Number of protein chains: 2
Amino acid sequence: MTDSPKNDVSVAADEKKIPKAVIKRLSLYSRMLQELEHKNITKISSKELSDLLGMNPAKVRKDLAYFGQFGVPGLGYYVSELKAQIKRILRTDREIRVALIGVGHLGQALLAYGGFLRQSFRVVAAFDTSPDKIGRTFNGVKVMSTEHLEDQIRTLGADIVVLAIPAENAQATVDQVVRAGIRAILNFVPARIVCPEAIKVHYVDLGIELESLSYYLKD
Amino acid sequence: MTDSPKNDVSVAADEKKIPKAVIKRLSLYSRMLQELEHKNITKISSKELSDLLGMNPAKVRKDLAYFGQFGVPGLGYYVSELKAQIKRILRTDREIRVALIGVGHLGQALLAYGGFLRQSFRVVAAFDTSPDKIGRTFNGVKVMSTEHLEDQIRTLGADIVVLAIPAENAQATVDQVVRAGIRAILNFVPARIVCPEAIKVHYVDLGIELESLSYYLKD
DNA sequence: TCTATCTTGTGACAAAATTCACATACTAAT
DNA sequence: ATTAGTATGTGAATTTTGTCACAAGATAGA
Ligand SMILES: NC(=O)c1ccc[n+]([C@@H]2O[C@H](COP(=O)([O-])OP(=O)(O)OC[C@H]3O[C@@H](n4cnc5c(N)ncnc54)[C@H](O)[C@@H]3O)[C@@H](O)[C@H]2O)c1
Ligand SMILES: NC(=O)c1ccc[n+]([C@@H]2O[C@H](COP(=O)([O-])OP(=O)(O)OC[C@H]3O[C@@H](n4cnc5c(N)ncnc54)[C@H](O)[C@@H]3O)[C@@H](O)[C@H]2O)c1
């Protein structure tokens with residue numbers, strides 16, 4: 001760690017395989033650092049950061065160690081610098097183009113969500129099959145027909161698709177956006193989605209979260 | 001496994017500590033079994049079930065083994081019976097009383113969500129601070145003021161609170177529902193919540209899911 | 001009844017994630 | 001400068017989670 005090759009912090013770590021959970025925590029750190037920066041806090045230790053997030057300090061350090069050395073012994077981390085590094089790692093230092101498919105109850109909530117557009121994310125399109133929705137504008141985003149979905153996704157250069165449609169239509173729509181070359185999907189539909197390995201799918205499953213809470217109600 | 005004491009299937013397994021992930025998967029199995037039952041499929045093997053869910057068959061068996069022996073060697077599992085057993089384990093064989101706090105964009109989507117009321121879950125109350133919301137009815141649920149939140153939660157016998165309010169109000173509201181004796185919280189607010197160990201909190205963090213997807217967009 | 005064929009349930013193994021604990025390195029203050 | 005104090009980064013230990021592989025139990029057909 002004095003002058004070994006992997007001391008080169010500017011290189012994204014393709015070297016090892018990074019656990020999925022580490023990436024999620026990086027995102028968590030990023031948000032907390034944002035808050036700290038906003039409060040004009042300039043430096044923070046792994047201990048303090050982990051206390052704020054309710055976790056273990058060594059885990060924070062280990063997580064960061066996957067990508068380089070960002071801290072200063074005896075001091076901790078500089079908030080702004082660490083935030084910038086994490087954003088670079090997560091690639092949220094650029095604009096991420098999001099397409100929403102399904103502008104029903106959930107889709108509308110998502111469009112209304114300030115944090116959705118927050119910082120790097122930009123909703124470049126919203127699609128729906130219903131004539132009731134097509135042409136309407138929600139929070140500045142105009143709803144389009146799914147007729148030319150595949151072409152539109154391609155043309156708009158969407159990076160991520162957010163899926164909020166009924167379960168029975170999910171797989172067909174996934175097939176379309178996969179053909180359109182999308183590489184990441186945030187799926188709110190409570191159904192398994194089959195697609196090529198290379199495409200990253202994150203499931204958000206409200207039903208599971210709620211139902212599994214029930215288990216812990218036992219006295 | 002012939003006549004050991006733990007062969008008693010009717011006892012909920014307090015014996016070992018059950019991993020959180022196991023409980024979530026149980027809920028996943030439950031939903032899939034529901035679908036299978038609906039399609040009049042009467043039996044299924046761990047292999048078939050795991051294929052449907054995109055996972056490993058041994059994991060299915062191990063998960064179930066925490067709670068007893070539900071299968072028939074050479075045959076598999078009887079769908080209805082297994083479903084009933086899992087629901088018993090998850091305690092979704094009774095009514096679960098849910099209180100929603102925060103009837104904004106997200107809260108309204110949740111109220112509209114059929115799957116929310118699905119089966120065992122019943123929304124017994126919705127609360128909001130805004131006069132614009134109080135008194136209005138969404139999907140059959142009337143919005144109440146938070147003025148007597150603590151008493152109401154107690155009186156209504158809510159089991160689970162779903163939190164969908166702005167981050168800055170989250171902790172104060174949590175403190176209230178904790179005092180009211182709630183034991184489980186489904187938290188949509190992107191902020192850490194501090195409460196007694198005994199209370200189970202599940203976080204659903206859309207921001208993290210979206211942001212962490214960004215990482216995988218690297219070519 | 002016997003046999004061939006399944007599939008379970010689980011002990012043993014492997015992998016992954018988390019936590020510990022400390023040598024090392026920097027700060028800050030005298 | 002020197003020193004006392006502090007926090008990093010990381011091997012090693014531990015805990016947790018997932019997979020393998022197979023003996024044993026059950027089916028189904030002859
Ligand atoms: N509402 C919630 O709180 C909630 C929570 C968790 C999960 N979900 C899931 O999210 C999905 C959407 O839920 P919702 O409550 O918004 O439903 P919804 O019925 O309100 O909205 C679905 C929308 O999708 C549109 N649609 C249908 N097929 C489409 C297609 N092929 N392409 C584009 N648009 C299409 C419909 O016209 C409708 O506007 C469902 O799968 C649901 O299970 C919803
Ligand atoms: N909308 C989304 O898609 C979405 C997605 C993920 C997370 N979230 C999070 O969910 C929360 C709610 O989001 P939203 O978009 O519905 O916001 P919103 O502003 O539309 O709704 C918030 C509602 O909470 C009410 N409220 C405020 N303080 C309250 C209190 N102390 N008790 C009861 N009610 C109170 C407000 O009157 C309002 O009706 C936020 O923390 C947000 O970050 C929203």
Side-chain angles (χ1 to χ4, degrees), chain A residues 1-9 13 15-26 28-29 33 41-79 81-82 85-86 89 212, chain B residues 1-9 13 15-26 28-29 33 41-79 81-82 85-86 89 212:
Chain A
M1 48 259 43
T2 42
D3 57 350
S4 77
K6 63 178 62 163
N7 202 22
D8 183 0
V9 150
E15 315 165 10
K16 305 156 196 159
K17 219 188 50 192
I18 315 290
K20 243 180 69 168
V22 170
I23 301 301
K24 294 218 175 150
R25 285 196 297 266
L26 242 42
L28 206 58
Y29 305 154
L33 290 165
I41 293 166
T42 57
K43 50 200 172 64
I44 191 162
S45 69
S46 62
K47 172 73 166 60
E48 293 167 322
L49 185 54
S50 66
D51 280 350
L52 285 171
L53 296 168
M55 52 168 59
N56 181 299
K59 189 153 63 173
V60 171
R61 297 197 297 273
K62 263 271 159 76
D63 284 349
L64 296 174
Y66 277 100
F67 302 94
Q69 304 187 165
F70 309 111
V72 183
L75 191 150
Y77 303 87
Y78 289 106
V79 170
E81 194 204 302
L82 185 57
Q85 291 285 5
I86 292 179
I89 295 163
S212 57
Chain B
M1 58 241 58
T2 44
D3 56 348
S4 76
K6 63 179 63 163
N7 203 22
D8 183 1
V9 151
E15 314 166 11
K16 303 157 196 158
K17 221 189 46 193
I18 315 291
K20 244 181 70 167
V22 170
I23 301 301
K24 295 220 173 148
R25 286 196 296 268
L26 242 41
L28 207 58
Y29 305 154
L33 290 165
I41 293 165
T42 57
K43 49 198 173 63
I44 192 163
S45 68
S46 61
K47 173 74 166 60
E48 292 166 321
L49 184 54
S50 64
D51 280 351
L52 285 171
L53 296 168
M55 53 166 61
N56 180 300
K59 191 154 60 173
V60 171
R61 297 199 296 273
K62 263 274 162 77
D63 284 349
L64 296 174
Y66 278 101
F67 303 95
Q69 304 187 162
F70 309 112
V72 184
L75 191 149
Y77 302 87
Y78 289 105
V79 170
E81 194 204 303
L82 184 57
Q85 291 285 6
I86 292 179
I89 294 163
S212 58

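Just so you know, these numbers come straight off a predicted model, no measurement behind them. Chain A is the first sequence line, chain B the second, and so forth, proteins listed ahead of strands; every chain is numbered from 1.
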In whole angstroms, the gap separating P of D:dT8 from CG of A:L82 amounts to 10 Å
Letter by letter from the 5' end, nucleotides 14-24 of chain C scores (B base, S sugar-phosphate only, - none; protein heavy atoms under 4.0 Å) ---SSBBB---
Taken to the nearest whole Å, CD/A:Q85 to C1'/D:dT8 is 16 Å
Applied to residues 50-69 of chain A, the salt bridge (charged side-chain N to carboxylate O under 4.0 Å, His left out) test, sequence neighbours excluded, yields A:R25-A:D63, A:K47-A:D51
Between CG of A:L75 and C1' of D:dG9 the distance, given in whole Å, is 15 Å
What one should report as the nearest heavy-atom pair of B:F67 and B:L26 is CE1-CD2, 3.5 Å
Separation of D:dT10 atom C1' from A:F70 atom CZ, nearest Å, is 15 Å
- Any side-chain N or O of B:Y77 under 4.0 Å from OP1/OP2 of D:dA26? no
Taken to the nearest whole Å, CG/A:L64 to P/D:dA7 is 16 Å
Closest non-hydrogen contact found for B:L64 with B:F70 is O-CE1, 3.5 Å
Less than 4.0 angstrom between a side-chain N/O of A:S46 and OP1 or OP2 of D:dT8, yes or no? yes
**Asked** Can you tell if the side chain of A:Y29 reaches within under 4.5 Å of the side chain of A:L53, non-hydrogen atoms only?
**Response** yes
Looking only at heavy atoms, the pair that brings B:V60 and B:S50 closest together is CG2-CB, 3.9 Å
For A:Q69 and D:dT10, is the shortest distance between a side-chain N/O and OP1 or OP2 below 4.0 Å?
yes
When rounded to whole Å, the CD1 to P distance for the pair A:I44 and D:dT6 reads 17 Å
From CZ of B:F67 across to P of C:dG9 the rounded distance in Å is 14 Å
A:K24 atom NZ, over 12 foreign heavy atoms within 6.0 Å: yes
Whole-Å distance, B:K43 NZ to C:dC6 P, equals 13 Å
By side chain to side chain contact (heavy atoms under 4.5 Å, CB included), A:I41 pairs with (sequence neighbours left out) A:L36, A:K39, A:V79
